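Right, one structure below, let's go through it.
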Amino acid sequence: MAKETIKLIANNKKAYHDYFIEDTYEAGISLHGTEVKSLRMGKCSVKEAFIRMERGEVFVYGMHISPYEKGNIFNRDPLRVKKLLMHRAEISKITGKIAEKGYTLVPLKVYFKGSLVKVEVGLARGKKLYDKRADIAKKDMRREAEKDFKIRNLY
């Protein structure tokens, strides 16, 4: 069995800043031809995207896929609602978790796995302002420590 290559298209760094990611799931996404061609060129943004569950199905809103330049009349609306493809057992498990207070679904990454487009979906809990400040402080301390370590090892 050949190892499938993973090529990252878009990453949602803002989600890691705004939420605690409790669990992640891999979902396929229902796309049209010109959208796939645009994704192959890396024209995708998931910064403002969010995910909703409706009638036992999962949809992603606000995911921007730029129109393909050579697509003319076949191009779709860049912000159209896209259906995520997940197993029913996963959907029911996620629905149970979301029923708990404070949980939401957030798209974390969009990538090619072999020839298929996949979306990594995170089950997330919102951060408070003081949590974000603590994370920033931790990151700064780590950066300073790495800088000091690098300087010490140069001499």
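Keep in mind the model is a prediction, meaning the values are calculated, not measured. Residues: numbered from 1 along the sequence shown.
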Checklist entry - Can you get from L39 to V121 by hopping between Ile, Leu, Val, Met, Phe, Trp and Tyr side chains that sit under 4.5 Å apart? => result yes

Checklist outcome for this item: So CD1 of I9 and NZ of K118: to nearest 0.5 Å the spacing works out to 12.0 Å

Checklist entry - According to a 4.5 Å side-chain heavy-atom criterion applied to Ile, Leu, Val, Met, Phe, Trp and Tyr, with indirect links allowed, do V46 and Y16 form part of one hydrophobic cluster? => result no

Item to check | K82 NZ: over 12 foreign heavy atoms closer than 6.0 Å | outcome: yes

Checklist entry - Does any pair with a residue in residues 12-25 pass salt bridge (Lys or Arg N to Asp or Glu O under 4.0 Å), and if so which ones, sequence neighbours excluded? => result K14-E48, D18-K132, E22-R125

Next on the checklist: Test: ring-ring contact (aromatic ring centres under 6.0 Å, His included). Region: residues 35-67. Which pairs qualify, not counting sequence neighbours?
Outcome noted: F50-Y61

Item to check | Pairs involving residues 35-47, ordered by first then second residue, that meet side-chain hydrogen bond (donor to acceptor under 3.5 Å, both in side chains) (sequence neighbours left out) | outcome: E35-R80, K43-E69

Item to check | side chain to side chain contact (heavy atoms under 4.5 Å, CB included) partners of A15, counting only residues at least two apart | outcome: N12, Y19, V106, L108

Item to check | Within one Ile-Leu-Val-Met-Phe-Trp-Tyr cluster: I98 and M86, side-chain cutoff 4.5 Å | outcome: yes

Next on the checklist: Any heavy-atom pair between the side chains of P107 and I51 that's under 4.5 Å?
Outcome noted: yes

Checklist entry - Can M53 be reached from L123 by stepping across I, L, V, M, F, W or Y side chains whose heavy atoms are under 4.5 Å apart? => result yes

Next on the checklist: With side-chain hydrogen bond (donor to acceptor under 3.5 Å, both in side chains) as the rule and sequence neighbours excluded, what pairs involving residues 83-98 come up?
Outcome noted: E57-K83

Item to check | Pairing residues for R142 by the side chain to side chain contact (heavy atoms under 4.5 Å, CB included) criterion, not counting sequence neighbours | outcome: K139, E146

Checklist entry - Roughly how far, to the nearest 0.5 Å, is CE of M41 from CD1 of I65? => result 13.0 Å

Next on the checklist: Could you see if V36 belongs to whatever hydrophobic cluster contains Y111? Use Ile, Leu, Val, Met, Phe, Trp, Tyr and a side-chain cutoff under 4.5 Å.
Outcome noted: no

